[in-house]
Amino acid sequence: MRLSQVLITTLREDPADAEIPSHKLLVRGGYIVKIASGIYTYGPLMWRTLKKVTAIVREELDRESAQEVMMPMMHPKELWVSSGRWERYVADGIMFTLKDQKGTEYCLGPTHEEVITAYADQAINSYKQLPVNLYQIQDKFRDEIRPRYGLMRGREFIMMDAYSFDVDEAGLDVSYAAMDRAYRRIFERCGLQFRSVQADAGAIGGSGSEEFMVLAEAGEDTILYCEESGYAANVEKADSVPAAAPADPGSAPLDRRETPDVRTVEQLEAFFGMPAAAMAKTVLYEVTWTDREGVAAVMMRGDLDINEVKLVNALDCLAVTLASDETIQKVTGAEVGFAGPIGLPEDVVLLADKTLEGRQNLLTGCNETGYHCLNVQMGRDCRMPEFRDLRVAKAGEMSPDGAGPLRQARGIEVGHIFKLGTKYSTNMDATFMAESGKPTPFVMGCYGIGVSRTAQAAVEQNHDERGICWPAPIAPFECAVVCVDVKKPEQVELAEKLYAELRDLGIDACLDDRPLRPGPKFKDLELLGFPFSITVGRGAVDGMVEYGVRRTGEKTDVAAADAVTAVRAALGR
RNA sequence: CGGGCCGUAGCUUAGCCUGGUAAAGCGCCUGCUUUGGGAGCAGGAGACCGGAGGUUCGAAUCCUCUCGGCCCGACCA
């Protein structure tokens with residue numbers, strides 16, 4: 001392609017509304033243009049990259065015998081009601097909904113478990129047709145609370161979503177493993193540094209789940225990993241061995257103490273001269289379940305923090321929010337800062353973190369303004385709470401396998417694979433005829449890749465102060481042949497020749513024949529980030545050109561033929 | 001949802017506090033010159049200052065509402 005015919009609009013300055021490098025660079029390079037918050041137009045160059053990403057995705061999924069389909073983006077409400085997810089997705093505010101002329105409600109698909117399950121129920125009748133793995137690549141719609149970072153968190157974005165159908169769990173394990181393999185190959189081929197981590201299944205539901213994280217400071221997720229054992233998990237899911245609590249001196253009578261204006265853990269440490277690990281803070285949450293609302297009191301060791309994702313899972317609820325001051329006062333009968341487990345109303349759910357199990361002599365609030373209690377024993381002085389893992393794991397703590405300390409990194413979630421089991425097929429009564437002759441619900445898995453996000457993640461991981469350094473497999477062009485002065489016939493001629501030669505070799509090259517001065521030309525190309533270049537300039541009269549590698553900045557004067565050889569070698573062709 | 005900041009030309013911004021009829025750089029267009037690192041000269045187009053009300057003789061500027069955008073927080077017992 002001749003760049004003189006490609007719509008290229010580069011900006012010299014960073015856009016005012018971009019924060020992270022990849023967002024700035026994609027906008028400056030004219031790759032993306034925002035049309036509304038979280039909604040973008042992909043320019044011609046961006047689309048080339050996206051097509052390359054999707055081509056890789058297709059190749060690797062097809063290699064695992066997945067079949068591409070295309071489902072509607074607009075879904076009838078009734079389908080989502082049948083899976084039981086309409087309520088939660090609407091409550092979370094994540095779903096775009098709309099009505100037709102008759103007032104029938106629809107949504108713009110944020111994900112497609114419902115549609116695919118309905119399809120599978122129609123299309124798959126017998127175990128003889130299984131296993132089946134179906135995927136599509138299309139736009140998804142999610143009304144994100146806070147769209148940001150360009151394509152990183154958009155409200156409309158390109159996603160590959162796949163769904164596997166098996167006769168049983170063992171079959172699912174096989175399908176899941178196949179997708180795990182495919183994902184690794186996909187992200188490797190896209191040139192990404194990534195790590196797969198254990199993950200919470202979230203609103204999708206189901207049992208096992210793994211996320212593929214592109215390691216980057218700008219990532220919105222925190223991951224914890226252990227170099228020694230390879231354990232790695234999203235912080236939402238991560239477990240760890242916390243620092244030991246101080247020795248428990250044994251049963252002692254409840255001791256109510258006046259603690260005026262002592263409200264926080266820090267203040268309590270100072271007031272009592274006790275370590276935070278000897279205390280139990282009691283945090284109140286307002287809880288939304290599918291069918292009701294209520295309050296939960298969560299006891300956590302004073303030096304540890306509550307993981308709200310784990311809490312939502314433990315409560316089997318839709319959402320939790322920290323209780324308002326009014327609620328706290330109403331439930332505890334005390335001002336904020338004095339909440340405790342003692343004498344809480346019966347309708348308040350009482351949970352405690354596992355680190356508190358078996359502990360005696362805790363320091364807690366008294367549910368009375370100005371007082372805390374020493375030597376609180378759960379089960380004696382208050383109801384016995386249900387003990388669950390509710391704690392945020394932290395870097396520095398021991399890996400749950402005990403192999404070594406956890407380290408922390410930031411990641412961009414580009415892929416996620418789930419074992420769904422029969423959750424959707426049961427809810428939606430999607431069955432096949434099993435060998436036994438009985439209708440049996442499909443055992444499902446679901447798998448997603450954020451295609452547009454992956455492309456941006458690649459930029460986040462591959463750029464320098466001059467611009468983007470695309471990994472070759474997903475670069476808009478693999479190589480640019482630059483004609484420095486389009487008025488010099490010998491330069492034009494040689495550049496055309498090299499351009500044709502590269503294309504004949506199957507190399508995705510472009511010809512920069514734009515009538516620009518050299519400065520802007522070079523700056524543009526560095527910003528746009530094509531991996532290799534052959535610059536045809538002054539040396540053209542002697543058949544000499546410059547071979548350039550974007551990533552390293554390396555530039556070499558070589559004979560024209562050698563430049564083509566160098567590009568071939570670099571691309572492994 | 002809360003909290004904060006911001007909407008002025010295609011982009012980045014100044015002007016706003018202290019009202020007087022909009023400015024600069026980049027980009028864009030024309031011509032000349034220049035052609036290996038965002039050139040030079042000359043000329044030019046381009047903004048009812050996000051929108052609606054209000055105050056005022058007069059509003060980009062002050063007030064109210066509204067729409068849009070960005071950031072922070074979703075953790076305190």
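Both backbone and side-chain heavy atoms feed into the values below; hydrogens, waters and symmetry mates do not. Note that this is a predicted model, so its numbers are computed, not measured.
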Check every strand shown and say whether [X] touches a base, only sugar-phosphate, or nothing at a heavy-atom separation below 4.0 Å.
{"X": "Asp14(A)", "result": "sugar-phosphate"}
{"X": "Arg263(A)", "result": "sugar-phosphate"}
{"X": "Glu526(A)", "result": "base"}
{"X": "Thr535(A)", "result": "base"}
{"X": "Gly537(A)", "result": "base"}
{"X": "Lys487(A)", "result": "base"}
{"X": "Val392(A)", "result": "nothing"}

(request) Could you pull out the closest heavy-atom pair between His416(A) and Glu413(A), with the gap in Å? (result) ND1-OE2, 2.9 Å
(request) Can you see which heavy atom on Tyr499(A) is nearest to which on Ala509(A), and at what distance? (result) CE1-O, 3.4 Å
Looking at the side chain of [X], which of [options] is the nearest nucleotide?
{"X": "Arg148(A)", "options": "G36(B), U12(B), C71(B)", "result": "C71(B)"}
{"X": "Asp17(A)", "options": "G69(B), C11(B), G36(B)", "result": "G69(B)"}
{"X": "Arg28(A)", "options": "G38(B), U35(B), G37(B)", "result": "G38(B)"}
{"X": "Lys523(A)", "options": "U35(B), G36(B), G37(B)", "result": "G37(B)"}
{"X": "Thr264(A)", "options": "G69(B), A77(B), A39(B)", "result": "A77(B)"}
{"X": "Tyr285(A)", "options": "C75(B), U13(B), A74(B)", "result": "C75(B)"}
{"X": "Ala36(A)", "options": "G38(B), G69(B), A77(B)", "result": "G69(B)"}
{"X": "Arg12(A)", "options": "A39(B), C70(B), G27(B)", "result": "G27(B)"}
{"X": "Lys281(A)", "options": "G38(B), G69(B), A77(B)", "result": "A77(B)"}
{"X": "Ile328(A)", "options": "U13(B), A77(B), U35(B)", "result": "A77(B)"}

Between atom [atom1] in [X] and atom [atom2] in [N], what is the gap in whole Å?
{"X": "Leu11(A)", "N": "G27(B)", "atom1": "CG", "atom2": "P", "value": "12 Å"}
{"X": "Ile145(A)", "N": "C72(B)", "atom1": "CD1", "atom2": "P", "value": "14 Å"}
{"X": "Arg517(A)", "N": "G27(B)", "atom1": "CZ", "atom2": "P", "value": "12 Å"}

(message) Pairing donors with acceptors under 3.5 angstrom, does anything connect the side chains of Asn307(A) and Arg391(A)?
(response) no
(message) For G27(B), does the base pair up with any side-chain atom of Glu13(A) as donor and acceptor (N or O, under 3.5 Å, distance only)?
(response) no
(message) With hydrogens left out and only the distance checked, is there a donor-acceptor pair under 3.5 Å joining Lys555(A)'s side chain and the base of G37(B)?
(response) yes
(message) Students often mix this up, so state it plainly: with edges at 30° and 60°, are the rings of His372(A) and Phe338(A) parallel, tilted or perpendicular?
(response) tilted
In the strands shown, is [N] matched to any nucleotide by a Watson-Crick or G-U wobble pair with both distances under 3.5 Å, and which?
{"N": "C16(B)", "result": "none"}
{"N": "C11(B)", "result": "G25(B)"}
{"N": "C32(B)", "result": "G40(B)"}
{"N": "C62(B)", "result": "G54(B)"}
{"N": "G73(B)", "result": "C1(B)"}

(request) For this output row, return yes or no: ring centroids of Tyr31(A) and Trp470(A) closer than 6.0 angstrom. (result) yes
(request) Starting from the C-alpha separation in whole Å, work towards a yes-or-no answer on salt bridge (Lys or Arg N to Asp or Glu O under 4.0 Å) for Glu490(A) and Arg538(A). (result) CA-CA 9 Å; Glu490(A) 73 279 7; Arg538(A) 288 174 182 143; over 6 Å; no
(message) Between Glu217(A) and Arg410(A), does the salt bridge (Lys or Arg N to Asp or Glu O under 4.0 Å) criterion hold? Intermediate values first, please.
(response) CA-CA 5 Å; Glu217(A) 268 312 301; Arg410(A) 303 285 288 177; 5.5 Å; no
(request) Taking atom P in both A23(B) and G46(B), compute the distance separating them and give it to the nearest angstrom. (result) 13 Å
